[in-house]
Amino acid sequence: MLGWLTLGGLMLVAGLLADDWLANRYRRPLSHMRPKPADLKKLGMEETDLSGLRRLIDRNSR
């Protein structure tokens, strides 16, 4: 019985430490995953470029 309580306590402390570590670690913003314009042409991702689509709509609506 005492062994299970000790194991449970250790798991609780480890979980709290892991939660604190995950909450305070540095995260890179997702903007670094945005493809560069040169990559868009290489990868065939032109249709996913929303900024280019907005520019095209603005250009054609004038």
Side-chain angles (χ1 to χ4, degrees):
M1 179 74 174
L2 186 61
W4 286 108
L5 286 175
T6 304
L7 181 65
L10 288 174
M11 289 178 64
L12 181 65
V13 169
L16 290 173
L17 288 174
D19 183 53
D20 185 52
W21 177 76
L22 285 171
N24 292 325
R25 70 187 180 124
Y26 172 74
R27 281 184 219 91
R28 276 177 82 180
L30 290 179
S31 61
H32 77 279
M33 297 178 68
R34 191 176 310 141
K36 297 178 183 97
D39 294 337
L40 289 175
K41 293 184 178 96
K42 275 194 295 188
L43 300 173
M45 296 173 60
E46 293 86 1
E47 61 273 1
T48 62
D49 182 20
L50 294 179
S51 59
L53 180 63
R54 288 188 188 112
R55 279 194 303 270
L56 181 68
I57 291 172
D58 289 342
R59 204 176 311 137
N60 291 335
S61 64
R62 289 184 187 160

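- No donor-acceptor pair closer than 3.5 Å links the side chain of D19 to the backbone N or O of G15.
- For L7, the side-chain contact (heavy atoms from CB on, under 4.5 Å) partners are W4, M11, not counting sequence neighbours.
- Atom-to-atom distance recorded for R55:CZ and N60:CG is 13.0 Å, nearest 0.5 angstrom.
- In this structure, CG in L5 is found 12.0 Å from CG in L12, a value given to the nearest 0.5 Å.
- L22 forms part of a hydrophobic cluster together with W21, judged by ILVMFWY side-chain heavy-atom separations under 4.5 Å.
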